[in-house]
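What follows is a single structure, written as structure tokens, with notes after it.
Keep in mind that what you see is a predicted model, and the values were worked out from it rather than measured. Chain letters run A, B, ... following the sequence lines, proteins first and then strands; every chain starts at 1.
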Number of protein chains: 2
Amino acid sequence: MSVKCINCPLRKSDLFHKMSSETLEFMQRFKVGEMEVEPGTPLLSEGSNAPQLYTALSGMGLRYKLLENGSRQVISFVFPGDFLGLQAGVMKEMTHSVEATTAMKLCVFDRKELWSLFRTIPDRGFDLAWLAATEERFLGEALTSVGQKSALERMSWALARIFRRLKATTPAAGDLVRLPYRQQDLADALGLSLVHTNKTLAKLRERQLATWSDGKLSVPNLARLEELALIENPELPTRPLM
Amino acid sequence: MSVKCINCPLRKSDLFHKMSSETLEFMQRFKVGEMEVEPGTPLLSEGSNAPQLYTALSGMGLRYKLLENGSRQVISFVFPGDFLGLQAGVMKEMTHSVEATTAMKLCVFDRKELWSLFRTIPDRGFDLAWLAATEERFLGEALTSVGQKSALERMSWALARIFRRLKATTPAAGDLVRLPYRQQDLADALGLSLVHTNKTLAKLRERQLATWSDGKLSVPNLARLEELALIENPELPTRPLM
DNA sequence: CGGGGAATTGACGCTGTTCAATACTGGTGG
DNA sequence: CCACCAGTATTGAACAGCGTCAATTCCCCG
């Protein structure tokens, strides 16, 4: 039994723009169904031309690129409310892969309808451009972090960004959020070795800026963490929900 | 005297999609004028909400972010045909700055008309989403290069990408293209120090894979350079011209 | 002729990598 | 019930790629 868009639990979060009832109706028609996947399931593959687009409803995932030499760059973490497959939607193919890290529930859309979306509801077309521009924004910041910051600063940056994002859409108890990734995932996201990632996390723990163990991240003093991370604009903008 | 879109010299390049005559007419109306700037002129600033959008007609520039600690990440190089200001157009503000490196000529558009573009010419709205998705694609690749590759591989990656892009839109004599940046610019793009950038360039020169001096880049064997750069998909896709 | 920006080169050291050993966990099959 | 195993986290030690410091050269421009 598929959730109706009008009852979508994500809409309760202040993170997302309010949707007009017409838009809501359109999205309901655009929506093909729902999908539940196990941890480790590939959702989209680099080079493929996926026929489907998704919005993550629950669970978490990873976007990444693989190199011939075996290394992996994690492009970003996928959280509830994120839209997946935009690249396949507007270009011919994906340039990175996406997979589920935990069990996930996803809202499924038909890629073929994307064009009608631009034609019939320009607002939504604009929203898609907005989303793509936001990805660009995020990746520019990630590139800056990996290119210019020390390991400790990078790690602080990632944990601070993740913490704010998760507090906005997942149940959080005080300064604790669930973060069910492996240290290797963070390492691949930040361009660090696994060993040094571990040691850097230990430093943040000693300094009582961030503690991440057993799948739970605790940030007792977000402002100080963001300061160390050289984050200039900590608030995350509200965004459209597809 | 402003160039009419229909006579735009960039349209001759195979790099860009063909434009319908209706689209061409719309763009002509969308176009406010032209701008010529000196080397070093700031075009868009991080944090600002620029009222104008640009398409680079000639000359070259830089997109970059500055950190509090004084370091600079070059996000990408700006070449003829690139569209500038999309972020300011769809979000409230720019998240990086853009400045002219050489003298540039730019086509100027009015940001306020962007919304009417989505409404009246959905094709162009789609093209904008396409452009944003392409930026995302590029930045994902840049992040992967900076995060996972050695200095030599990164440098090869940058020079190979730049070389192909420049051959597509600027006059090139054989394996020679004009590349009027400083080594510091490349260094800031790749997350390397200036000194190591210099030494890495020397290595590429010794190996006769790429020679960049006096503002001119020569790549005698592109395939080998791209192989060293771990580039999986070397051809650059054709793209919309705004 | 003087000065500032850019490129080049050598010496040295630090940040982060690689190698390796240990411990802890949950899952599996005897 | 327990031995076994694979995946993950942790920690120490040695090493190296790249950064920092510094000096020199070249070139353009005033």
For L194(A) and dT17(C), give me the distance from atom CG to atom P, rounded to whole Å.
10 Å
Look at the side chain of A151(A) and decide which nucleotide, out of dG16(C), dT20(D), dT10(D), has an atom nearest to it.
dG16(C)
Roughly how many Å is it from NE2 in H196(A) to C1' in dC18(D), rounded to a whole number?
14 Å
Side chains of T144(B) and I75(A) in contact at under 4.5 Å (non-hydrogen atoms)
yes
V195(A) or S150(A): which one's nearest nucleotide on DNA chain C is closer to the 5' end?
S150(A)
Please state whether the base of dG10(C) and the side chain of K199(B) form at least one donor-acceptor pair under 3.5 Å?
yes
For L201(A) and dT8(D), what is the distance between atoms CG and C1' respectively, to the nearest whole Å?
13 Å
Tell me the interatomic distance from D214(A), atom CG, to dT10(D), atom C1', rounded to whole angstroms.
15 Å
Closest heavy-atom pair and its distance - M60(B), P180(B):
SD-CD, 3.3 Å
Rounded to the nearest angstrom, tell me the gap between atom CZ in R154(A) and atom P in dG16(C).
7 Å
Whole angstrom is fine here: how far is it from CZ in R182(B) over to P in dC28(D)?
17 Å
Got more than 12 heavy atoms from elsewhere within 6.0 Å of CD, E38(A)?
no
Interatomic distance where CD belongs to Q184(A) and P belongs to dA6(D) [whole Å]
18 Å
For Y181(A) and dG7(D), give me the distance from atom OH to atom P, rounded to whole Å.
21 Å
Considering every strand and a 4.0 Å limit on heavy-atom distances, what is the contact class for G215(B): base, sugar-phosphate, or nothing?
nothing
Would you mind telling me which of dC18(D), dA7(C), dT10(D) lies closest to the side-chain atoms of N198(A)?
dT10(D)
Touch class at under 4.0 angstrom, heavy-atom based, for L192(A) against every strand present:
sugar-phosphate
Please give me the minimum heavy-atom distance between R111(B) and Q52(B), naming the atom from each residue.
CB-N, 4.3 Å
For the student: nearest non-hydrogen atoms of A50(A) and L44(A), plus distance
CB-CD2, 3.3 Å
Can you tell me if Q183(B) touches the phosphate of dG5(C), counting only side-chain N or O atoms and a distance under 4.0 Å to OP1 or OP2?
no
